[in-house]
Each structure stands twice: as structure tokens, then as C-alpha cells.
Number of protein chains: 2
Amino acid sequence: MSHTHESTITHLTETEIEQRLKQHGYRLTGPRGAVVEAVLGHTRPFTAEQLVAELADGPEAIGRATVYRTLEVLASVDVLTRIVSPDGHPSYLSGAPGHRHHLLCELCGTTVTFTACPMTDLIAELASDTHFEIRDHTLEVFGICPACQQAGRV
Amino acid sequence: MSHTHESTITHLTETEIEQRLKQHGYRLTGPRGAVVEAVLGHTRPFTAEQLVAELADGPEAIGRATVYRTLEVLASVDVLTRIVSPDGHPSYLSGAPGHRHHLLCELCGTTVTFTACPMTDLIAELASDTHFEIRDHTLEVFGICPACQQAGRV
DNA sequence: AGTTTATTGACACCTGGTATCACTAGTGCT
DNA sequence: AGCACTAGTGATACCAGGTGTCAATAAACT
């Protein structure tokens, strides 16, 4: 059996998310609902601009600023995780952050979330060697998923 | 004794760097020399825009595009490493990449390079669990260095 | 010296994201 | 239900960081 503890992303429903927003003192508005719905429509990582585009077409025509603000809110409420790829482009994943890392397919975006973090020992060691107070780390893994390998998209 | 194998960054001289550029088929131009010199002046991480600003003042007035292009060239020739912080802002470190990771002070930029990478086992495990072909990973550590802690800048 | 080709830099442009601010609409109160 | 209060909205302008274009320039090779 594996030690990676792959985790299925806990899939929240729209109402659960809206509950959570309320609990944190956020209002439940039309535009916000539309953003939540759009976010739930994605199982793969998406960028803020993608969402802006989708929602600009939609019936409600949500503004750019609102989309960005809502993404921030959703991330702060643990409905979304924001990750940054090595080339510096941020994208969002639905699912709570917490201590989690991701394995992403560079071609199709398929994402596997895992909770095993090999950093604990290293961090302790670095801290005792350097006397840094360690606060954060990045760790994301990139590769090609089996489907893309088979499809010869490599 | 530590297992982190902290490494001093191999400091190349200007001529060594220019040798290396030549070996890779790049020409040795005035502006390029100026960028190299400016890069060597930094022991801490710096951004492309910082360098642009520095060099705009200088006697030679190097253009923005040239600075960006040269940084790319220097990174491709292993004179610089480009790292991206969790907030998505890229910066450059002088020193070859290779398999290296960094511990950066969030306040003053002091950087410790280490070669111990705890990823090897995890990668093998992830690969066998998911059948991804793993190609890349990010791993950078952030914290507060002892000097900044003492200075109470925390 | 002359030719070739990489390199330069001014400039316009682009993308992703943020600040402003008058307006709108949830929410709680009565 | 009506009202007041404040969070939230979105148009717009703006910003930073970075890229594409292209005529002019300068290495390098003969």
C-alpha cells in the first residue's frame, strides 16, 4: 500500500460553500453564487482569466474585479487552493488547501492531490543547521499522466 | 553533522562567464558584459526590473528588452537560477541551478542553497502509484534568517 | 575591408491584476 | 413591509512585468 495518502478532493456542494461563506461573515450575492457555480464546473486547474472569460459571456455578466475578489475570498475560506507553477503562472484548484501538494499533468491538467509531505525532516534539519525560522515552502510535482502517455501526446 | 549539504554558491568570474557564453555560441557584446557585471554585483536574489533600473542609470544605458533577454541567456547557460516565490514573483540568483533548492529569508533575502532533496523517494512512490511520468518539481523554503530574528524585524 | 548574422534598443503592445468610486443590493431591525 | 447600514459590485482607469517588431548596429569570420 502507498504512503502517499492520495486524497480525493472533498467535493463541496454549492450550498455547503455558501454556508461556509456566511459563517465567515460574507454575504450571499448573485454574482458570488455565479462564480461559485463556475468554479464547481471545473475539475482541473483553471486560471482567473479563464473564469473571467466564462462569466463575461454568461447571463449575468460578472465583472473582472468581482471574479478576482471572489477567488480570493474562496481561497481564504478554503474552498479553493491557489498554486503557482514553476513558470510563475498561478492557477486555482477546487478543494481545500491545508497541508497538501499536487501532482499535475503538464499536458491535460489532470491533478492528483497528496498529503504526504517529505519536508518535515528536512525542515527540522534546515532549521537546526541555519537557525532560520522556517515559515513556508513550495512543493509541486509536474509530469505526464498515463492517459496522455498512452495517447502519445508526449 | 548535517545532512543538508549546504553548498556555497560557486562564484564565477566575469571572464569565466564570458567564456561560457562563447562556448554556447553567444557573442560577447558590450551590453551583455554590463549585465553580467551587474549580476555579479548581487549576492542576494534580485528581480529583472531591479536590474533594468540599475542599468538604465549606468553609463551604457542598457535597454529593457536586452536585460530580459540576457537574463534568459544566462539562466540557459547555468550562470543564473530563476526561482518563483509562492506569491508568483520570480527572482534570480547567481549560481548554477542543477539539482538545488533554496532557503530564503523573507525579510532580507539571505539565501542558503542546499542540495539535499527529500523528493527522490516521494517521486518514485508517486510514479508507481499514479503511473505519471514525473518530469519536474518545485521546492523552495521560506523563513526568517537569524539576523532578522535578532534585529527584531519579525 | 566586407559580409553575414546575432544583437540591440526604442517602441508599441499585451496580460494579469489592482485601486477608485459612484451605485446596488443583502441583511438585520422595527 | 419598509428602512438604514454596509458589504459588495462593476466600469473604468491604471499599473507592473514582460514580450514582439523592426530598423539600426556591431561581433565574428573571410
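In what follows, chains are A, B, ... by sequence order, proteins preceding strands, each numbered from 1. Keep in mind that what you see is a predicted model, and the values were worked out from it rather than measured.
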Derivation of the side chain to side chain contact (heavy atoms under 4.5 Å, CB included) call for B/Glu18 and B/Arg32: CA-CA 9 Å; B/Glu18 299 192 333; B/Arg32 218 161 251 175; over 6 Å; no
Gap between atoms CZ and P, on A/Arg69 and D/dA11 respectively (whole Å):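 These atoms are roughly 11 Å apart.
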5'-most by nearest nucleotide on DNA chain C - A/Ala65 or A/Leu28: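 Closest to the 5' end, via its nearest nucleotide, is A/Ala65.
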Spacing between B/Tyr26 atom OH and C/dT8 atom P, to the nearest angstrom: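 Those two atoms, OH and P, are 11 Å apart.
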Listed nucleotide nearest any side-chain atom of A/Thr29, set C/dT8, D/dT9, D/dT6: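 Between C/dT8, D/dT9, D/dT6, the one nearest the side chain of A/Thr29 would be D/dT9.
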B/Arg20 and its side chain to side chain contact (heavy atoms under 4.5 Å, CB included) partner, picked from B/Leu74, B/Val77, B/Thr15: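 Passing option: B/Val77.
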Given DNA chain D, 5'-ward residue of the pair B/Gly30 and A/Gly25, judged by closest heavy atom: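 Upstream on the strand: A/Gly25.
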A/Glu72 CD - D/dG8 P separation (whole Å):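 Rounded to the whole Å, the gap is 12 Å.
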Members of residues 48-59 of chain A that approach DNA chain C, where some heavy atom sits under 4.0 Å away: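 When residues 48-59 of chain A is checked for heavy atoms under 4.0 Å from DNA chain C, the hits, listed by number, are A/Ala48, A/Glu49.
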Nucleotide D/dA16, atom P - distance to NE2 of B/His89 in whole Å: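 Those two atoms, NE2 and P, are 12 Å apart.
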d(CZ, B/Arg64; P, C/dA12) in whole Å: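 It works out to 14 Å between those atoms.
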Which residues share a ring pair (Phe, Tyr, Trp, His ring centres under 6.0 Å) with B/Tyr68, sequence neighbours left out: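 In terms of ring pair (Phe, Tyr, Trp, His ring centres under 6.0 Å), with neighbours along the sequence ignored, B/Tyr68 is linked to no residue.
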Heavy-atom check, side chain of A/Leu103 versus side chain of B/Thr130, under 4.5 Å: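 Touching, per the 4.5 Å side-chain cut-off.
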Rounded interatomic separation in angstrom, taking CD from B/Glu60 and P from D/dA26: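 Roughly 11 Å, once rounded to whole Å.
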Between D/dA7 (P) and A/Leu21 (CG): distance, integer Å: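 Distance, rounded to whole Å: 16 Å.
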Nucleotide D/dT25, atom C1' - distance to CD1 of B/Ile62 in whole Å: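 In whole Å, D/dT25 C1' lies 14 Å from B/Ile62 CD1.
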Intermediate values then yes/no, side chain to side chain contact (heavy atoms under 4.5 Å, CB included), A/Ile144 and B/Arg135: CA-CA 7 Å; A/Ile144 310 293; B/Arg135 295 208 168 167; 3.6 Å; yes
Verdict with reasoning, B/His42 to B/Glu54, per side chain to side chain donor-acceptor pair (under 3.5 Å): CA-CA 11 Å; B/His42 287 265; B/Glu54 281 174 33; 2.7 Å; yes
Phosphate contact (C/dA25 OP1 or OP2) by A/Arg27 side-chain N/O below 4.0 Å: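 Indeed not, no polar side-chain atom of A/Arg27 lies that close.
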Criterion side chain to side chain contact (heavy atoms under 4.5 Å, CB included) against A/Leu55, the qualifying member of A/Thr66, A/Thr70, A/Val35: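 When side chain to side chain contact (heavy atoms under 4.5 Å, CB included) is applied between A/Leu55 and each of A/Thr66, A/Thr70, A/Val35, only A/Val35 qualifies.
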